[in-house]
**Q** 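The structure follows.
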Amino acid sequence: MGSGNPYRMLKRSVSNEISKALSGVCADSELLNRLEDMIEEPPKREFGDLSIHLAKLSKLCGTSLDDLVNLLTSSLEKLDLVEKVVVVGGYLNIFVDYAVFSAQVLTTITSYGDKYGVVDGHVRKRVVVEYVSANPVHPLHLGSGRNAVLGDFLYRLNKFVGNEVQRRYYVNDVGLQAAFLAYGYSKLGFPEIPPGMKPDHYLGLIYAATTTIIDILKLRRSLKEAEAAGDFSRANELRGEIDSLMGDLAKLAEVIPNEVNALSEKIAGEEDPELEVLRILRGYERGEPEYLFVRKVCSKVIEGIRETLEKMNVGIDVWDWESDLVWEGRVSEILEKASSSGYFRLHKGAPALFFDELLSTELRRRLRIPEALEVPPLILKRSDGTTLYTTRDIAYTLKKFEEFSADEVINVIAIEQTLSQAQLRLALYALGYEKEAENLIHYSYEMVNLPGASMSGRRGRYVTVDELLERLSEMVKNLMRERGSEVSDEQALKIARSAIKYMILSVSPSKTLTIDLRKILDLKQNSGPYIQYTYVRARSVLEKAESHQLNAIDYGKAGKEPVRTLILELSKFPEVVSEVAVSKQPEDLIAYANNLATIFNKFYETEPILREPDEGFRALKIAVTHGVSVVLRNFMEICGMDVLERI
RNA sequence: GGGCCCGUAGCUCAGCCAGGAUAGAGCGCCGGCCUCCUAAGCCGGAAGUCGGGGGUUCAAAUCCCCCCGGGCCCGCCA
């Protein structure tokens with residue numbers, strides 16, 4: 001009955017025994033199913049390995065404390081896995097027999113190897129993860145970086161536990177942003193990307209300059225109106241806003257002076273630049289040949305983004321162009337279906353889906369929409385006939401389900417889109433795609449902040465992932481140089497990107513992430529490099545161990561600290577992985593790995609391994625070291641970190 | 001105005017959903033440890049009114065209510 005999960009098996013055999021012992025006396029038969037959850041881990045080692053809160057059990061069971069203690073102690077001590085049972089401070093503390101348990105744990109690790117952590121009997125699912133999907137108008141910034149790391153984690157985690165997973169990137173080239181970029185780029189006469197510059201970086205500047213110039217012109221018009229109307233406080237306010245945008249533009253002009261000048265001139269000479277942008281959008285959405293340059297521009301940006309993702313070791317299986325979706329007629333199909341739906345009505349003259357009649361408590365629960373969340377109607381089209389993002393996303397969602405025969409589609413999208421993602425699920429439901437609506441998961445994450453700086457793609461205020469990688473790689477190299485060793489660019493990059501991933505995954509996605517550039521490359525404890533280093537240490541011991549005579553393992557010594565704690569931690573890995581596979585909370589996995597690494601380092605520092613004179617004990621210590629290397633490697637695989645053999 | 005998320009040591013964060021044994025890490029700070037398996041390490045120390053106030057309970061960081069602070073959303077943007 002090797003389930004691949006020794007810790008769970010341990011808890012289960014204890015809870016089964018308790019359940020047997022109580023079956024005659026316990027009033028609540030339901031309780032026996034919940035026993036496994038009632039077994040907890042004591043806060044301190046001297047309290048044993050597992051414990052049960054007696055008062056809670058006594059209350060639920062209706063049995064006196066004394067009876068419980070007598071009944072449980074005698075039956076649990078009969079188990080091979082249990083060494084002794086002690087009652088302290090209202091708790092029944094169970095001490096595990098490590099001679100038996102360690103053999104189970106270590107043989108499981110050896111036989112499962114790079115599959116240790118995968119629990120037997122997992123029902124395989126087909127999962128699509130859509131992530132990154134940054135607009136094709138600027139380079140990936142730190143926010144998209146968080147998205148990429150989380151999405152990559154979800155992909156790897158699903159893959160690891162045995163699911164079929166597909167990774168998709170949705171290229172939003174039919175939106176207003178793309179049209180703004182295409183507009184600015186066309187005004188400049190489609191210049192070549194300057195040599196030595198990544199296309200996404202260059203075009204990101206053009207995009208920011210274009211939108212900023214247009215916004216300034218708009219504000220100036222409002223300013224004139226305000227002045228004419230004698231509204232001085234409004235005029236002052238506008239002047240402030242204009243100044244701020246002029247500041248942003250000046251910064252952009254430091255990098256691309258010629259482009260900024262040319263754009264300012266050309267756009268200022270335009271009657272109504274925004275109308276021009278809409279014209280491009282409309283023409284492109286219709287697929288008119290003279291507007292296909294939009295796709296060309298976006299392709300260049302995507303080229304740069306692709307390069308960045310490669311540097312991050314983040315992969316994408318399918319690149320979906322939103323324009324294809326429209327041109328294939330998938331979006332108009334949805335529009336047709338929507339207009340004949342019972343939920344279709346006009347909202348301020350625009351075609352829309354109304355959800356009021358649909359929003360029962362039951363449906364909110366099924367579609368994971370908060371009880372009090374007000375959901376406004378979903379507007380499907382602009383008055384000029386072009387479609388809106390969420391409308392196109394309905395078609396896209398169905399495509400993702402269809403093409404991969406997916407059981408579940410996960411959208412990794414920032415928390416600010418909670419409402420539109422809820423509208424998306426409701427729209428799917430309203431149009432009869434109930435299963436899809438229920439199995440569409442919005443995996444949301446909070447914003448990324450830089451201390452003392454606000455980021456904005458429209459203004460060109462952002463720190464790019466490329467920049468971050470470069471700076472961290474440089475720091476890694478300097479650090480290595482200080483320690484007297486050179487490191488290759490590739491090795492430095494591997495350490496840098498692993499540090500970023502670890503740092504991002506260690507913070508709960510529901511919390512805003514503050515990135516302090518000086519602190520991110522903390523190579524100390526609780527960091528990516530710390531895990532990589534610990535793994536290298538373990539591997540280094542194992543390599544040298546190969547030359548040693550291999551002896552039979554003496555499991556009898558497994559109860560000695562710190563070996564005992566190490567074995568217990570190793571046993572928990574599959575449990576942690578399966579919990580995280582459900583909760584999708586990377587921080588739990590990170591916390592586990594950091595703890596394991598810390599315990600191993602303590603063991604490594606305080607105990608001789610290869611120099612252990614007792615041969616049987618030495619063999620045990622080597623087996624434990626091997627266990628640590630397996631778990632850390634599997635952990636790094638799930639987190640998308642690079643496994644280094646030498647550092 | 002309504003809604004969602006967050007508030008735990010100087011800083012960055014676990015713990016809260018399923019309430020219970022002196023509230024945990026890391027960074028930073030103070031003090032130790034390299035003729036010995038990689039010192040990106042280890043050992044020890046100082047540091048917290050768990051945002052505030054009520055309530056439920058034998059027991060609240062954890063559950064309920066109110067308030068305060070921060071972020072986000074409520075667009076014919078995405």
**Q** Roughly, in whole Å, what's the span from CZ in A:F603 to P in B:rA39?
**A**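 Nearest whole value for this atom pair: 15 Å.
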**Q** Under 3.5 Å, is there a donor-acceptor pair linking the side chains of A:Q421 and A:N411?
**A**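 The answer is yes; a qualifying pair exists.
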**Q** Check every atom of B:rC13, B:rC76, B:rC5 against the side chain of A:T514 and return the nucleotide holding the closest atom.
**A**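 Comparing B:rC13, B:rC76, B:rC5 against the side chain of A:T514, the answer is B:rC13.
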**Q** Can a side chain N or O of A:S540 be found less than 4.0 Å away from OP1 or OP2 on B:rU38?
**A**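 The answer is yes; a side-chain N or O of A:S540 sits under 4.0 Å from OP1 or OP2.
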**Q** With hydrogens left out and only the distance checked, is there a donor-acceptor pair under 3.5 Å joining A:S51's side chain and the base of B:rA21?
**A**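 A donor-acceptor contact between them is present.
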**Q** Whole angstrom is fine here: how far is it from CD in A:E41 over to P in B:rG24?
**A**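 These atoms are roughly 14 Å apart.
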**Q** Taking atom C1' in both B:rC43 and B:rG7, compute the distance separating them and give it to the nearest angstrom.
**A**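 Approximately 34 Å lies between the C1' atom of B:rC43 and that of B:rG7.
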**Q** Is A:R382 near enough to B:rG75 that one of its side-chain N or O atoms lies under 4.0 angstrom from OP1 or OP2?
**A**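 No, because none of the side-chain N or O atoms of A:R382 sits under 4.0 Å from OP1 or OP2 of B:rG75.
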**Q** Contact class for A:N594 vs. all strands (heavy atom < 4.0 Å): base, sugar-phosphate, or nothing?
**A**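 Since only primed, P, OP1 and OP2 atoms lie under 4.0 Å of A:N594, the category is sugar-phosphate.
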**Q** Regarding A:R392 and A:E322, does a basic nitrogen lie under 4.0 Å from an acidic carboxylate oxygen?
**A**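 The answer is yes: the pair qualifies as a salt bridge.
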**Q** B:rA40 base stacked by A:Y530? Criteria: ring centres under 5.5 Å, plane angle under 30°.
**A**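 Stacking between A:Y530 and B:rA40: absent.
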**Q** Hydrogens and angles aside, do A:D320 and A:Y396 bring a side-chain donor and acceptor to less than 3.5 Å of each other?
**A**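 Yes, because at least one side-chain N or O of A:D320 sits under 3.5 Å from a partner of the opposite role on A:Y396.
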**Q** Pairs counted as Watson-Crick or G-U wobble with both distances under 3.5 Å: what dot-bracket string results for RNA chain B, using | for bases tied to another strand?
**A** (((((((..((((......[...)))).(((((.......))))).....(((((..]....))))))))))))....
**Q** Side chain of A:V541 only, heavy atoms from C-beta on: which candidate in B:rC76, B:rC72, B:rC37 is closest?
**A**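 For the A:V541 side chain, the nearest candidate turns out to be B:rC37.
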**Q** Mind calculating the distance between CD (A:E605) and P (B:rA40) to the nearest angstrom?
**A**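 After rounding, the gap between these two atoms is 10 Å.
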**Q** Does B:rG7 have OP1 or OP2 under 4.0 Å away from a side-chain N or O of A:K511?
**A**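 It does, given that an N or O in the side chain of A:K511 lies less than 4.0 Å from OP1 or OP2 of B:rG7.
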**Q** Could you check whether A:N147 and A:Y445, counting side-chain N and O atoms only, form a donor-acceptor pair closer than 3.5 Å?
**A**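 Looking only at side-chain atoms, A:N147 and A:Y445 do form a donor-acceptor pair, the distance falling under 3.5 Å.
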**Q** Regarding B:rA39, can its base be found pairing with the side chain of A:N601 as donor and acceptor, where the two atoms are less than 3.5 Å apart?
**A**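 Side chain to base: no pair present.
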**Q** Check the chi torsion on B:rC33 and let me know: syn if it falls within 90° of 0, anti if not.
**A**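 It is anti.
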**Q** Starting at atom CG of A:L359, determine the distance to atom P of B:rG3, rounded to an integer number of angstrom.
**A**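 Going from A:L359 (CG) to B:rG3 (P), I get 16 Å.
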**Q** OP1, OP2 of B:rA39 versus side-chain N and O of A:R537: anything below 4.0 Å?
**A**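 Answer yes for this pair, as a side-chain N or O of A:R537 is under 4.0 Å from OP1 or OP2.
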**Q** Before giving the answer on side-chain contact (heavy atoms from CB on, under 4.5 Å), spell out for A:K572 and A:L568 the whole-Å C-alpha distance, their side-chain angles and the decisive distance to 0.1 Å.
**A** CA-CA 7 Å; A:K572 288 183 201 161; A:L568 182 63; 4.2 Å; yes
**Q** Taking atom types as they are modelled, is there a donor-acceptor pair under 3.5 Å from the base of B:rC76 to the side chain of A:S383?
**A**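 Pair found.
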**Q** With a non-hydrogen cut-off below 4.0 angstrom, is A:P43 in contact with a base, only sugar-phosphate, or nothing?
**A**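 Contact class for A:P43: base.
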**Q** Measure from the side chain of A:A372, starting at C-beta and using heavy atoms only, and say which of B:rA78, B:rU22, B:rC4 lies closest.
**A**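 Nearest listed nucleotide: B:rC4.
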**Q** Nearest to the A:L388 side chain among B:rC76, B:rA40, B:rA21, which nucleotide is it?
**A**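 Output: B:rC76.
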**Q** Under 4.0 angstrom, heavy atoms only, what part of the nucleic acid is A:D173 near: base, sugar-phosphate, or nothing?
**A**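 If one applies the 4.0 Å heavy-atom cut-off, A:D173 turns out to touch nothing in the nucleic acid.
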**Q** Which listed nucleotide (B:rC5, B:rG26, B:rU38) is nearest to the side chain of A:N526?
**A**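 The answer is B:rG26.
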**Q** Ignoring hydrogens and geometry beyond distance, is a side-chain donor-acceptor pair present between A:D173 and A:Y284 at under 3.5 Å?
**A**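 Checked: A:D173/A:Y284 side chains pair up, N/O donor to acceptor below 3.5 Å.
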**Q** Nearest whole angstrom, please: distance from the C1' of B:rA40 to the CE of A:M480.
**A**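 It works out to 9 Å between those atoms.
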**Q** Within the 3.5 Å criterion, strictly below it, is a donor on A:E285 or A:T387 matched to an acceptor on the partner's side chain?
**A**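 Yes, a side-chain donor-acceptor pair sits under 3.5 Å.
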**Q** For the side chain of A:Q417, counting heavy atoms from C-beta on, which of B:rC6, B:rC76, B:rA78 is nearest?
**A**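 Nearest to the side-chain atoms of A:Q417, counting from C-beta on, is B:rA78.
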**Q** Please determine whether a side-chain nitrogen of the Lys or Arg among A:D393 and A:K399 lies less than 4.0 Å from a carboxylate oxygen of the Asp or Glu.
**A**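 Judged by the 4.0 Å cut-off on N to carboxylate O distance, A:D393 and A:K399 do not form a salt bridge.
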**Q** CE of A:M38 versus P of B:rA21: gap in Å, rounded?
**A**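 Taking CE of A:M38 and P of B:rA21, I get 14 Å after rounding.
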**Q** Starting at the 5' end of RNA chain B, which residue's closest nucleotide do you reach first, A:Y389 or A:N93?
**A**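 Here A:N93 is the residue nearer the 5' end.
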**Q** Centroid separation under 6.0 Å, is that true for the rings of A:Y131 and A:Y169?
**A**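 That pair fails the under 6.0 Å test.
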**Q** Touch check for A:E374, heavy atoms < 4.0 angstrom, all strands: base, sugar-phosphate only, or nothing?
**A**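 Counting heavy atoms under 4.0 Å across all strands, the contact made by A:E374 is with sugar-phosphate only.
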**Q** Does A:M38 form a side-chain contact (heavy atoms from CB on, under 4.5 Å) with A:H53? I'd like the steps, not just the answer.
**A** CA-CA 8 Å; A:M38 287 185 64; A:H53 195 246; over 6 Å; no
**Q** Please confirm whether the shortest side-chain N or O distance from A:K348 to OP1 or OP2 of B:rG75 is below 4.0 Å.
**A**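 So the side chain of A:K348 is outside the cut-off, no N or O lying under 4.0 Å from OP1 or OP2 of B:rG75.
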**Q** Picking from B:rA21, B:rA39, B:rC37, which would you name as closest to the side chain of A:Y533?
**A**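 Among the listed nucleotides, the one closest to the side chain of A:Y533 is B:rA39.
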**Q** Pick the C1' atom in B:rC64 and in B:rG71, then give their distance to the nearest Å.
**A**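 My reading of the C1' atoms in B:rC64 and B:rG71 gives 25 Å.
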**Q** Without decimals, in angstroms, what is the distance between A:F47 CZ and B:rA21 P?
**A**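 It is 10 Å, rounded to the nearest whole Å.
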**Q** Given the C1' atoms of B:rC68 and B:rC30, what is the spacing between them in whole Å?
**A**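 Comparing C1' positions in B:rC68 and B:rC30 gives a spacing of 36 Å.
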**Q** Could you tell me whether A:R392 contacts a base, only the sugar-phosphate backbone, or nothing, with contacts defined as non-hydrogen atoms closer than 4.0 Å?
**A**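 Counting heavy atoms under 4.0 Å across all strands, the contact made by A:R392 is with sugar-phosphate only.
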**Q** Ignoring the backbone of A:E446, work out which of B:rU38, B:rA21, B:rG71 is nearest its side chain.
**A**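 Given the options B:rU38, B:rA21, B:rG71, the side chain of A:E446 is closest to B:rG71.
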**Q** Between B:rG19 and B:rG44, how many Å separate the two C1' atoms, rounded to a whole number?
**A**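 After rounding to an integer number of Å, I get 34 Å for this pair.
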**Q** Taking the C1' atom in each of B:rA23 and B:rC65, what is the distance between them to the nearest angstrom?
**A**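 The answer is 25 Å between these two C1' atoms.
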**Q** Report the distance from atom CG of A:N449 to atom C1' of B:rG7, rounded to the nearest whole Å.
**A**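 After rounding, the reported distance stands at 14 Å.
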**Q** With the threshold set at 4.0 Å, does a side-chain nitrogen-carboxylate oxygen contact exist between A:R611 and A:E607?
**A**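 Salt bridge: no.
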**Q** Give me the distance, rounded to whole Å, that separates B:rG10 from B:rA46 when you measure between the P atoms they each carry.
**A**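 Each nucleotide's P atom is 16 Å from the other's.
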**Q** Taking B:rA14 as the reference, what is the distance to B:rA9 when you measure between their C1' atoms (whole Å, please)?
**A**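 About 13 Å, rounded to a whole number of Å.
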**Q** Mind checking A:E607 for me? I need base, sugar-phosphate or nothing, with any heavy atom below 4.0 Å counting as a touch.
**A**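 Contact class for A:E607: base.
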**Q** Looking only at atom C1', what distance separates B:rU49 and B:rC34, rounded to whole Å?
**A**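 Straight-line distance between the two C1' atoms is 44 Å.
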**Q** Which heavy atom in A:R425 sits nearest to a heavy atom in A:L367, and how many Å separate them?
**A**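 In this case the closest contact between A:R425 and A:L367 is NE-O, 2.7 Å.
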**Q** Taking for each residue the nucleotide of RNA chain B with the nearest heavy atom, is it A:E645 or A:H53 whose nucleotide lies nearer the 5' end?
**A**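 That would be A:H53.
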**Q** Would you classify A:I609 as touching base, sugar-phosphate or nothing, given that sugar-phosphate means primed atoms plus P, OP1 and OP2, and contacts are heavy atoms under 4.0 Å?
**A**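 If one applies the 4.0 Å heavy-atom cut-off, A:I609 turns out to touch a base.
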**Q** Using a heavy-atom cut-off of under 4.0 Å over every strand shown, decide if A:I647 touches base, sugar-phosphate, or nothing.
**A**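 Counting heavy atoms under 4.0 Å across all strands, the contact made by A:I647 includes a base.
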**Q** Output the single nucleotide from B:rA78, B:rU22, B:rC36 whose closest atom is nearest the side chain of A:R611.
**A**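 Output: B:rC36.
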**Q** Can you tell me if A:Y604 is stacked onto the base of B:rG41, using a 5.5 Å centroid cut-off and an angle below 30°?
**A**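 The ring of A:Y604 is not stacked on B:rG41.
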**Q** Go through B:rC73, B:rC5, B:rA25 for me and flag the one nearest to the A:L419 side chain.
**A**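 So the side chain of A:L419 is nearest to B:rC73.
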